[in-house]
2 protein chains.
Amino acid sequence: MSDTNTGVPSLVGAPLPSPVPADEYERCPVTEVVRRIGDKWTMLVIVLLGRRAHRFNELHRGIEGISQRMLTRTLRALESDGLVDRQVFPTVPPSVEYRLSPLGRSLLTPLSALADWVVEHGDELGRAGGTETDVVGPGGGPA
Amino acid sequence: MSDTNTGVPSLVGAPLPSPVPADEYERCPVTEVVRRIGDKWTMLVIVLLGRRAHRFNELHRGIEGISQRMLTRTLRALESDGLVDRQVFPTVPPSVEYRLSPLGRSLLTPLSALADWVVEHGDELGRAGGTETDVVGPGGGPA
DNA sequence: CCGCATCCCGGCCGATACTG
DNA sequence: CAGTATCGGCCGGGATGCGG
């Protein structure tokens, strides 16, 4: 299912015979996206906009702790990524609505998979054991 | 599927009746994980370890551009998150093997979903249109 | 071979003030 | 209401060198 010849030959697949050169990983597509949405606020915005369209200050109040600056930046980034659509109403006072683009909405699906994982395994994260460093006896190792 | 009462009531679901207070989003679990794996190298390491166990310098050579410092940091972080297991062979010279823990392997599944999305929509990202800012005529807006 | 310590820089991000 | 401008702290992350 995940298997297309784009550099991501299914993450869960068995160890492939030809261990793809390092260059392939350098521009790993998953990494790209994760880095895109991996910053401090992006995910929160996506989640909020995943529910319904929001106006600027609506988001500003909805995401406690975010500054105007970062909200603007985050929205601009999402916009230029084509994940959110921005709609300006030239009223007085002006108002702007942000909503997830079709592309952005399609992203919600894999994101839900992640959410599912967190719901199921999230409690095992954090401090999964301080000293599980498993030392085997001499002579058993590779080198 | 995504719907457990843990704070992530399915991202793709229709707009829920009770619009959860902002506090809920503050500690959005998905955001947590994404921030965990959203740094520069973590995803690459996970992908490599997803194929098979690797030794330190094997990873170092496999992920072109990473410094020893960052590889160590990344591995330590993944380790304390319980996503990778570290196994030391007290040989001379010493050797260390890193492999995905069961938890880490379980993470590959949702990550694959993301990979699938990238494979399918990745080309629409980046510059999805400079000035798609849609301005409607006066009188049509909310405010 | 594995990994830590130190130095340093650039960018992320917050606070604040100002504009249409 | 919806931003922009500027300053500054903090930290991610690269280079190098040392230790077990």
Side-chain angles (χ1 to χ4, degrees), chain A residues 26 31 34-45 48-49 53-80 84-99 131 133-136 138-143, chain B residues 26 31 34-45 49 53-80 84-99 131 133-136 138 140-143:
Chain A
E26 196 41 65
T31 302
V34 169
R35 294 223 66 189
R36 279 270 194 31
I37 63 178
D39 69 311
K40 195 169 182 180
W41 304 107
T42 298
M43 184 65 78
L44 280 321
V45 172
L48 275 185
L49 293 184
H54 281 73
R55 300 182 41 184
F56 186 87
N57 276 356
E58 218 172 354
L59 289 170
H60 191 202
R61 282 185 298 269
I63 305 178
E64 199 172 274
I66 197 174
S67 61
Q68 283 189 338
R69 171 190 165 89
M70 288 318 295
L71 181 53
T72 301
R73 273 172 168 259
T74 303
L75 287 169
R76 289 284 180 278
L78 285 169
E79 201 186 342
S80 74
V84 317
D85 287 336
R86 177 187 142 112
Q87 192 174 15
V88 180
F89 301 97
T91 51
V92 286
S95 84
V96 181
E97 272 195 9
Y98 295 91
R99 72 188 69 247
T131 325
T133 302
D134 204 24
V135 182
V136 306
Chain B
E26 195 43 65
T31 302
V34 169
R35 295 222 64 189
R36 279 272 193 32
I37 62 179
D39 68 314
K40 195 170 183 180
W41 304 107
T42 299
M43 184 65 79
L44 280 322
V45 173
L49 293 185
H54 281 73
R55 298 183 42 186
F56 186 87
N57 276 357
E58 218 172 354
L59 289 170
H60 191 204
R61 282 185 298 269
I63 305 178
E64 199 171 275
I66 196 174
S67 60
Q68 284 188 339
R69 170 191 162 89
M70 288 319 295
L71 180 53
T72 302
R73 274 171 167 257
T74 303
L75 287 169
R76 288 284 178 279
L78 284 170
E79 200 187 341
S80 74
V84 317
D85 287 336
R86 177 186 142 114
Q87 192 174 14
V88 180
F89 300 96
T91 53
V92 286
S95 83
V96 182
E97 271 195 11
Y98 296 91
R99 69 189 70 248
T131 325
T133 303
D134 205 23
V135 182
V136 306

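Atom set for the values below is all heavy atoms of this structure, side chains included, hydrogens, waters and symmetry mates excluded. Note on naming: letters A, B, ... go to the chains in the order of the sequence lines (proteins, then strands), and numbering restarts at 1 for each one.
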Asker: For A/Val84 versus A/Leu75, what's the shortest heavy-atom pair and its separation?
Answerer: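 Looking at all heavy atoms of both residues, the closest pair is CG2-O, 4.1 Å.
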
Asker: Taking all heavy atoms of B/Gln68 and all of B/Phe56, pick out the closest pair and write down the distance.
Answerer: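 So the minimum-distance heavy-atom pair works out to O-CZ, 4.1 Å.
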
Asker: Taking all non-hydrogen atoms of both residues, which atom of A/Ser95 and which atom of A/Thr91 are closest, and how far apart?
Answerer: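 Taking every non-hydrogen atom into account, N-OG1, 3.8 Å.
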
Asker: With sequence neighbours excluded, what pairs up with B/Thr42 under the side-chain hydrogen bond (donor to acceptor under 3.5 Å, both in side chains) test?
Answerer: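 If we apply the side-chain hydrogen bond (donor to acceptor under 3.5 Å, both in side chains) test to B/Thr42, skipping adjacent residues, the hits are B/Asp39.
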
Asker: Can you work out whether A/Val96 or A/Arg35 has the more 5'-proximal nearest nucleotide on DNA chain D?
Answerer: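 Counting from the 5' end, the first nearest nucleotide belongs to A/Val96.
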
Asker: Going 5' to 3' along DNA chain D, which are the first and last nucleotides with any atom under 4.0 Å from a heavy atom of chain A?
Answerer: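 Going 5' to 3' along DNA chain D, contacts run D/dC1 to D/dG13.
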
Asker: What are the two closest heavy atoms between B/Glu97 and B/Ala53, and how far apart are they?
Answerer: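 What the structure gives for the nearest pair is OE1-CB, 3.9 Å.
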
Asker: If you fit an axis to the five pairs at each end of the helix from C/dC1-D/dG20 to C/dG20-D/dC1, how big is the angle between those two axes, to 10 degrees?
Answerer: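 If I round to tens, the end axes sit 40° apart.
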
Asker: Name all residues meeting the side chain to side chain contact (heavy atoms under 4.5 Å, CB included) criterion together with A/Arg76; count only those two or more places apart in sequence or in a different chain, and write none if there are none.
Answerer: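 Per chain and number, A/Arg76 pairs via side chain to side chain contact (heavy atoms under 4.5 Å, CB included) with A/Thr72, A/Glu79, A/Arg86, A/Tyr98.
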
Asker: Reading DNA chain C in the 5' to 3' direction, which nucleotide is the first one with an atom under 4.0 Å from a heavy atom of chain A, and which is the last?
Answerer: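 Contacts span C/dC13 to C/dG20, reading 5' to 3'.
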
Asker: What is the minimum heavy-atom distance between A/Arg55 and A/Pro94, and which atoms define it?
Answerer: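 Closest approach of A/Arg55 to A/Pro94, heavy atoms only: NH2-O, 4.3 Å.
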
Asker: Under the salt bridge (Lys or Arg N to Asp or Glu O under 4.0 Å) test, which residues partner B/Arg69, sequence neighbours left out?
Answerer: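 If we apply the salt bridge (Lys or Arg N to Asp or Glu O under 4.0 Å) test to B/Arg69, skipping adjacent residues, there are no hits.
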
Asker: Between A/Tyr98 and A/Arg69, who's closer to the 5' end of DNA chain D by nearest nucleotide?
Answerer: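 Taking each residue's closest nucleotide, the earlier one in sequence belongs to A/Tyr98.
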
Asker: Less than 4.5 Å apart, any side-chain heavy atom of B/Ile66 and any of B/Leu59?
Answerer: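 Side chain of B/Ile66 against side chain of B/Leu59, heavy atoms only: no contact under 4.5 Å found.
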
Asker: If you take all heavy atoms of A/Val45 and A/Thr74, which pair is closest and at what distance?
Answerer: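 For A/Val45 and A/Thr74, the tightest heavy-atom pair comes out as CG2-CG2, 3.9 Å.
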
